[in-house]
Amino acid sequence: MRAALALRDIGAVYRALTGLGVSQRQIATLVGQSQSEVAEIIKGRTVTDYRVLERVAEGLGIPRERMGLSWWAADGNYAGQDQTYAGEDAGLRTALGHS
């Protein structure tokens, strides 16, 4: 599951959920999609829209960091490419609750 999330392979995530007995309709309700959209994604349609990825993460209770949708890693450290920025934003991190 972690690999699928890191790759933003929502189809794999949905297939795993259905394999655990979660219905397409239940997934759709959780993530704010129609059942037919969920079915299309399971069949291979890719999800690239950031807002949809956010809804999936939120609806399924997945930390945004697991899907690369946050500047912050799960450990609270800066997850961007430019590591020199990490020490320059203490005020912003504190404001965002990442102190």
Side-chain angles (χ1 to χ4, degrees):
M1 183 64 82
R2 286 184 183 207
L5 291 171
L7 295 171
R8 297 182 191 154
D9 186 349
I10 305 306
V13 172
Y14 287 1
R15 284 189 294 278
L17 290 171
T18 58
L20 294 171
V22 181
S23 73
Q24 290 181 10
R25 188 167 305 282
Q26 289 172 308
I27 294 169
T29 299
L30 290 169
V31 300
Q33 293 180 307
S34 68
Q35 183 274 324
S36 61
E37 288 176 300
V38 170
E40 289 175 16
I41 292 167
I42 288 172
K43 289 179 185 176
R45 188 182 104 198
T46 59
V47 177
T48 57
D49 186 285
Y50 184 84
R51 293 168 297 190
V52 175
L53 292 168
E54 279 187 313
R55 280 198 333 254
V56 169
E58 185 174 320
L60 298 178
I62 298 166
R64 293 170 36 149
E65 298 84 18
R66 295 258 190 240
M67 295 174 63
L69 301 176
S70 175
W71 287 102
W72 309 106
D75 63 3
N77 290 317
Y78 179 71
Q81 297 298 320
D82 181 8
Q83 294 300 313
T84 61
Y85 185 75
E88 299 171 5
D89 59 351
L92 178 58
R93 291 182 67 199
T94 299
L96 295 173
H98 296 284
S99 54

- Message: Test side chain to side chain contact (heavy atoms under 4.5 Å, CB included) on I10 and M67; report intermediate values, then the result.
- Response: CA-CA 10 Å; I10 305 306; M67 295 174 63; 3.6 Å; yes

- Message: So which atom in E54 and which in L69 form the shortest heavy-atom distance, rounded to 0.1 Å?
- Response: N-CD1, 4.0 Å

- Message: Let me confirm one number: the CG-CG distance from L60 to L17, rounded to the nearest 0.5 Å.
- Response: 6.0 Å

- In this structure, are over 12 heavy atoms from other groups packed under 6.0 Å from R25 atom CZ? no

- Message: Restricting to non-hydrogen atoms, name the atom on L53 and the atom on T48 that form the minimum distance, rounded to 0.1 Å.
- Response: CD1-O, 4.1 Å

- So how far is it from Q35 CD to I27 CD1, rounded to the nearest 0.5 Å? 9.5 Å

- Query: Does R51 have any side chain to side chain donor-acceptor pair (under 3.5 Å) partners at least two apart in sequence or in another chain, and if so, which?
  - Reply: D49

- What pairs with S36 under side chain to side chain donor-acceptor pair (under 3.5 Å), at least two apart in sequence or on another chain? S34

- Which residue pairs pass the side chain to side chain donor-acceptor pair (under 3.5 Å) test when at least one of the two sits in residues 5-19, sequence neighbours left out? Y14-Q33

- Task: Using the test side-chain contact (heavy atoms from CB on, under 4.5 Å), find all partners of A16 that sit at least two apart in sequence or belong to another chain.
- Result: M1

- Residues in side chain to side chain donor-acceptor pair (under 3.5 Å) contact with Q26, at least two apart in sequence or another chain: S23

- Excluding sequence neighbours, so at least two apart, what forms side chain to side chain donor-acceptor pair (under 3.5 Å) with R55? none

- Message: Is there a path of hydrophobic side-chain contacts, each under 4.5 Å between heavy atoms, that joins V31 and V22?
- Response: yes

- Item | Side-chain heavy-atom pair V13, I41 within 4.5 angstrom cut-off | no

- Would you check if E37 and R45 make a side-chain contact, meaning some heavy-atom pair closer than 4.5 Å? yes

- Query: If two hydrophobic side chains count as joined below 4.5 Å and joins carry through other members, does L30 share a cluster with L20?
  - Reply: no

